[in-house]
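Heads up, the thing below is written out as structure tokens.
Chain A is the first sequence line, chain B the second, and so forth, proteins listed ahead of strands; every chain is numbered from 1. Hydrogens, waters and symmetry mates are skipped; everything else that's a heavy atom, side chains included, is used.
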Number of protein chains: 2
Amino acid sequence: MDGDTREKIREVALELFSTRGFDQTSLREIAERVGLTKASLYYHYPSKQALLTAIVAPLVEGWQSITEIAENMPHTPANVREVLARTLDVMLRNRALAGIFLRDPAGVVAAAGTLWEDMIDMGARLTSWLAGPAPTMAERLRAIAAMEVLGAALSSVTYLKEEVSDEEMREVLLDSAIGALRL
Amino acid sequence: MDGDTREKIREVALELFSTRGFDQTSLREIAERVGLTKASLYYHYPSKQALLTAIVAPLVEGWQSITEIAENMPHTPANVREVLARTLDVMLRNRALAGIFLRDPAGVVAAAGTLWEDMIDMGARLTSWLAGPAPTMAERLRAIAAMEVLGAALSSVTYLKEEVSDEEMREVLLDSAIGALRL
DNA sequence: GTCTATAGTGGGATAGAC
DNA sequence: GTCTATCCCACTATAGAC
């Protein structure tokens, strides 16, 4: 079962990257947990960077699609709400993945510069759409603030010991983000 | 001038840690920019970790004092506003420093575990105070969201090319954080 | 597909001369 | 206080047997 091994590797790597950080995680650690040797990892992924890329790519894609959708919508209150909701969904769906970026942005940048720049770019475009056409500085700051509120979906893991359902997060944070926008 | 060298080292290290990340910054790089050799750094700071600690300590202290002040206040709307304003001030005063945590949390954790746990602890206590006594889950999520909005003071650097004055940030973000709280 | 063994690199840190 | 020289270690990555 070849695909299984590859998948197991990605799973373990995701777990370790997102808790210890990318740089702090060695291939030896990953190999140990999977039950292989380091060398065998290289059979499945040609480099540590390739492994990271394989794990992270889906998030970048989700992010891209939502950005494109947003940019083809007129900036109305209803659409703002819609875009915020979709963005929140992407974040919730990729909660584990996001830990990688939260733990070690610098390591990710160094290893996968282009991917990272894509993420930054998407974030900037989404934020800029949220701010509306010809925004004032205050509007731009509030747009950033609203995006940060959605980010709370991720960082909340640090502060909350109990599990929170996706539904509750969706509801409360969407409302809170709109509050931050001061619409 | 001994103190000057130490200060220069801290300055350069702060600059590099907060742009490249802690782990990604080698002592050789720091030494080069300061105009010294690696070995000479060790005369001034006994380890890379000690250097990090020296740089970061002031922020932790500011954070601690504000937490203690908050916890001795009754949870009224006016006090909530006051605490948010003070927290925002601490963040704005330490904008450069914050980059260290944003770039490479994992590296900082690994190097300065205790300090980091202090920060997490303060964050948790402040957030918990903000949520009010016997809070519902929604109130706790909104408190986290409000704190994230203040964090926008820091991450905004990534998105905004122009400079924003501290005054404008203070005004807009405080208002936005209160919006996120849904008071 | 997995292993053992090892090359090659770069980092933090130390010894000791000046 | 600063230097040169060096140690030691952990890591990524590769070579080649099975």
**OP:** Let me have a per-nucleotide readout for nucleotides 12-18 of chain D, 5' to 3', with B, S or -, counting only protein heavy atoms under 4.0 Å.
**Re:** BBBB---

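- For the pair D23(A) and D104(B), the minimum side-chain heavy-atom distance is 4.5 Å or more.
- Regarding K8(A), its NZ atom lies at a distance of 16 Å from the P atom of dG1(C), rounded to whole Å.
- Geometrically, R103(B) does not engage F22(B) in a cation-pi contact, judged by NZ or CZ lying under 6.0 Å from the ring centre and within 45° of the ring axis.
- Residue E32(A) contributes atom CD, which lies 13 Å from atom P of dA10(D) at whole-angstrom precision.
- As rounded to whole Å, 14 Å separates atom P of dG12(C) from atom CD1 of I9(B).
- Between T37(B) and the phosphate of dT2(D), there is no side-chain N or O to OP1/OP2 separation shorter than 4.0 Å.
- In this structure, Q24(A) and L36(B) both approach DNA chain D, and ranking their closest nucleotides by distance from the 5' end singles out L36(B).
- Distance, Y45(A) OH to dG1(C) C1': 15 Å, rounded to whole Å.
- Here S40(A) does not reach the OP1 or OP2 of dG1(C): none of its side-chain N or O atoms lies under 4.0 Å away.
- Protein atom CG of L51(A) is 16 Å distant from nucleotide atom P of dC11(D), rounded to whole Å.
- Remark: P of dT2(C) and CG of D4(A) are 11 Å apart, rounded to the nearest angstrom.
- For the pair E29(B) and R33(B), the salt-bridge criterion is not met [side-chain N within less than 4.0 Å of a carboxylate O].
- In this structure, V172(A) and V164(A) have side chains that are not in contact, with every pair of non-hydrogen atoms separated by 4.5 Å or more.
- A donor-acceptor pair is defined here as one N or O able to donate and one able to accept, closer than 3.5 Å; no such pair exists between the side chain of W129(A) and the backbone of T67(A).
- D4(A) and K8(A) are not joined by a salt bridge, as no carboxylate oxygen comes within less than 4.0 angstrom of a charged side-chain nitrogen.
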